[in-house]
*Asks:* 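I have a structure I would like to understand better, so I am pasting it below and will then ask my questions one at a time.
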There are 2 protein chains.
Amino acid sequence: MSSDDTRGRIIDAAGEVFAEKGFRAGTIREICRRAGVNLASVNYYFGDKEHLYIEAFKLAHPAGPEPNLAQDWPDGALPNEKLRAFIHEMFKRLLRVESPAWQMRLLQREILEPTPFCMDVMREYFLAKSTHLMSVLDEVLPPEMPLYRRHQIGFSIIGQCVYFRAASPVIRMVIGEREQSEHHTVESLTDHVCEFVLAGLGLAPPLGKTAGDDNRLDFSRTDQAAAFTPQRKHESFVDEQEQDRVKP
Amino acid sequence: MSSDDTRGRIIDAAGEVFAEKGFRAGTIREICRRAGVNLASVNYYFGDKEHLYIEAFKLAHPAGPEPNLAQDWPDGALPNEKLRAFIHEMFKRLLRVESPAWQMRLLQREILEPTPFCMDVMREYFLAKSTHLMSVLDEVLPPEMPLYRRHQIGFSIIGQCVYFRAASPVIRMVIGEREQSEHHTVESLTDHVCEFVLAGLGLAPPLGKTAGDDNRLDFSRTDQAAAFTPQRKHESFVDEQEQDRVKP
DNA sequence: GTTGATTTCAAACGGGCGTTTAATATAATT
DNA sequence: AATTATATTAAACGCCCGTTTGAAATCAAC
């Protein structure tokens with residue numbers, strides 16, 4: 001258990017604070033206050049703020065046993081099952097609210113705004129993650145598809161997952177608090193991204209209406225859509241969510 | 001023209017600096033240095049740093065003429081053409097390197113880490129953007145699909161676009177500088193996301209291999225109802241390990 | 001040219017930050 | 001018990017920040 005000694009308590013508190021506010025805005029004073037230790041302890045145990053951040057990040061990086069290794073799969077697993085497991089794991093980590101919730105937030109922060117001193121750990125982590133996803137995609141994508149194209153597809157999948165987490169404040173502005181808490185859960189988002197991605201890859205039926213004859217462009221567009229699409233629903237965008245926190 | 005007087009030069013410089021470093025890390029001193037004005041000018045013209053940020057953000061928000069209004073479309077435009085135009089416009093704004101490159105970066109920053117004083121402008125902007133995307137999707141998605149599902153699809157599309165920009169440093173770590181500069185251009189990424197999204201919606205052929213039936217599910221003929229059968233919730237083979245890492 | 005308002009300027013203020021220090025308390029070793 | 005090593009503490013240092021100030025410069029109108 002790392003939260004017994006001073007050093008461990010500092011790292012834990014640092015992880016929380018840095019994940020919440022970032023490296024620069026997260027202050028040593030708050031970290032020490034939260035850890036219940038003296039201000040000078042950080043410099044005593046870690047030298048300076050930067051090295052404390054690195055230590056916290058190293059702890060966050062391999063956070064928990066990385067379960068998604070290629071050889072972990074049962075031999076008979078279908079590609080869509082593997083893909084689903086990958087996305088599910090991603091959302092579980094991104095959205096988890098349990099005790100060590102800060103690890104993924106810290107990682108996410110490094111993705112979107114890298115600090116110069118963690119590049120090596122980051123590269124290692126993402127190479128592993130990407131390689132794993134690529135190995136799954138390889139079973140699905142045609143062999144003649146160029147590598148850059150496979151990469152684009154992989155990042156499209158990861159990007160969707162990360163976005164739902166990273167942009168959640170702005171998403172809440174659009175769909176309202178209720179819809180978000182109800183439908184942007186691990187399970188619901190996993191279902192959605194899986195459906196969308198698998199459809200794009202041809203492993204599941206497409207999400208659009210299948211009115212036409214084949215999956216070519218469908219020409220039954222405007223009339224049908226205008227007739228059946230309830231326009232009211234768009235007004236529910238405005239969705240009476242009001243939290244104002246404005247300053248005087 | 002805003003860049004002639006002192007006030008305008010300050011706003012321009014503030015936009016750049018805030019877009020690069022964020023509200024907190026961007027200092028008034030650097031802004032004034034870049035604008036070539038005295039340090040006290042910010043407080044003379046704007047009162048304080050926060051109001052300067054708001055002014056810069058207001059200028060960034062309607063950056064350029066917003067071309068993507070629903071009524072702008074030619075009446076005969078197909079849904080996939082509209083979708084492509086939406087994605088293309090998104091990437092053009094996200095990846096542009098021309099003179100006012102900072103507007104979208106500032107907006108992107110507010111998406112991923114909102115400052116409390118721009119919420120209103122943000123909400124207005126994103127409601128408009130989302131409503132527009134939804135109106136396009138409505139022509140494609142079956143009318144009985146619930147609203148939350150449409151929202152998820154919309155955010156999946158936007159999320160892909162934003163991610164390619166926001167995570168570009170980490171993406172570069174994985175694919176290398178050459179592949180990124182060569183294939184992560186506005187046109188190449190527009191092509192990719194369009195293909196992927198349209199395939200997911202059934203407006204284009206899927207990206208996966210279509211030849212063999214080795215491990216591929218066959219959806220050659222599916223009725224519409226099949227598209228909405230919920231995925232199995234619990235994949236038993238998915239990892240169960242949620243333990244925290246314990247330090248030795 | 002004088003007056004009066006507006007704009008620029010150099011300098012400083014107070015506060016929060018990361019970091020250091022030197023003294024003290026605790027533990028370990030002999 | 002005495003001595004050394006280790007850990008904690010309160011206080012301070014120096015730095016950069018946003019902000020303020022009061023005087024100098026610039027401009028406008030008569």
Side-chain angles (χ1 to χ4, degrees), chain A residues 1-59 106 109-110 113-118 246-248, chain B residues 1-58 106 109-110 113-118 247-248:
Chain A
M1 196 55 74
S2 72
S3 21
D4 211 20
D5 51 337
T6 302
R7 194 188 135 96
R9 286 220 310 283
I10 293 178
I11 289 195
D12 286 345
E16 290 181 23
V17 172
F18 285 142
E20 276 178 29
K21 318 201 167 171
F23 174 74
R24 181 170 179 140
T27 71
I28 290 185
R29 281 175 164 83
E30 176 171 4
I31 291 169
C32 290
R33 195 180 338 115
R34 249 190 244 198
V37 304
N38 186 270
L39 172 65
S41 303
V42 162
N43 291 83
Y44 179 77
Y45 281 102
F46 302 94
D48 57 5
K49 187 183 181 185
E50 179 179 319
H51 284 83
L52 168 60
Y53 182 83
I54 294 176
E55 285 308 306
F57 185 76
K58 275 190 192 162
L59 188 71
L106 200 55
R109 217 172 247 287
E110 278 288 328
E113 201 156 12
T115 56
F117 23 88
C118 291
V246 297
K247 41 157 284 179
Chain B
M1 201 51 66
S2 72
S3 23
D4 209 20
D5 49 337
T6 302
R7 195 188 133 97
R9 287 219 311 282
I10 292 178
I11 289 195
D12 286 345
E16 290 181 22
V17 172
F18 285 143
E20 276 178 30
K21 318 201 168 174
F23 172 73
R24 182 171 178 141
T27 70
I28 291 186
R29 281 175 163 83
E30 176 171 5
I31 291 170
C32 290
R33 195 180 339 115
R34 252 191 239 198
V37 305
N38 186 271
L39 173 64
S41 303
V42 162
N43 291 83
Y44 178 77
Y45 280 102
F46 301 94
D48 57 4
K49 187 184 180 182
E50 178 178 319
H51 284 82
L52 168 60
Y53 182 83
I54 294 176
E55 288 307 307
F57 185 75
K58 275 189 192 163
L106 199 55
R109 217 173 247 287
E110 277 289 328
E113 201 157 12
T115 57
F117 21 89
C118 291
K247 60 183 269 185

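Protein chains get the first letters and strands the later ones, always in sequence-line order, with residue 1 at the start of each.
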*Asks:* Checking side chain to side chain contact (heavy atoms under 4.5 Å, CB included) against A:Ile11, which of A:Asp5, A:Leu59, A:Ile31 comes through?
*Replies:*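 It is A:Leu59, the one option of A:Asp5, A:Leu59, A:Ile31 that forms the side chain to side chain contact (heavy atoms under 4.5 Å, CB included) with A:Ile11.
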*Asks:* Are A:Phe46 and A:Arg7 side-chain neighbours, meaning at least one heavy-atom pair lies under 4.5 Å?
*Replies:*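 The answer is yes, as the side chains (C-beta and beyond) meet within the 4.5 Å cut-off.
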*Asks:* Just wondering, do A:Glu110 and A:Leu106 contact through their side chains at under 4.5 Å, heavy atoms?
*Replies:*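 They are not in contact (no side-chain heavy atoms under 4.5 Å apart), so the answer is no.
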*Asks:* Walk along nucleotides 14-20 of chain C from 5' to 3' and tag each nucleotide B, S or - by protein heavy-atom contact under 4.0 Å, base first, then sugar-phosphate.
*Replies:* ---BBBB
*Asks:* Who passes side chain to side chain donor-acceptor pair (under 3.5 Å) against B:Tyr45, sequence neighbours left out?
*Replies:*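 Per chain and number, B:Tyr45 pairs via side chain to side chain donor-acceptor pair (under 3.5 Å) with no residue.
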*Asks:* Can you name the salt bridge (Lys or Arg N to Asp or Glu O under 4.0 Å) partners of A:Glu113, sequence neighbours left out?
*Replies:*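 Expected list: B:Arg109.
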*Asks:* I'd like a table of donor-acceptor pairs (distance under 3.5 Å, sequence neighbours excluded) in which one partner is a side-chain atom from residues 17-24 of chain B, with atom names and distances.
*Replies:*
residue, atom, partner, partner atom, Å
B:Glu20, OE1, B:Arg34, NH2, 3.3
B:Glu20, OE2, B:Arg34, NH1, 3.3
B:Lys21, NZ, B:Glu30, OE1, 3.2

*Asks:* Give the rounded distance in Å between these two atoms: NZ of B:Lys21 and C1' of D:dC16.
*Replies:*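 From B:Lys21 NZ to D:dC16 C1': 13 Å.
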*Asks:* So, the side chain of A:Asp12 versus the backbone of A:Gly15: is there a donor-acceptor pair under 3.5 Å, distance only?
*Replies:*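 It does not hold such a pair.
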*Asks:* B:Asp5 CG to D:dC27 P: how many Å, rounded?
*Replies:*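 My rounded result for the distance is 14 Å.
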*Asks:* Can you give me every donor-acceptor pair (side chain of residues 35-44 of chain B, partner residue at least two apart or in another chain, under 3.5 Å) with its distance?
*Replies:*
residue, atom, partner, partner atom, Å
B:Asn38, OD1, B:Ala40, N, 2.9
B:Ser41, OG, B:Asn38, O, 3.0
B:Asn43, ND2, B:Gly47, O, 2.8

*Asks:* Polar atom pairs between nucleotides 5-7 of chain D and protein, under 3.5 Å, N or O only, would you list them?
*Replies:*
residue, atom, partner, partner atom, Å
D:dA7, OP2, A:Tyr44, OH, 2.9

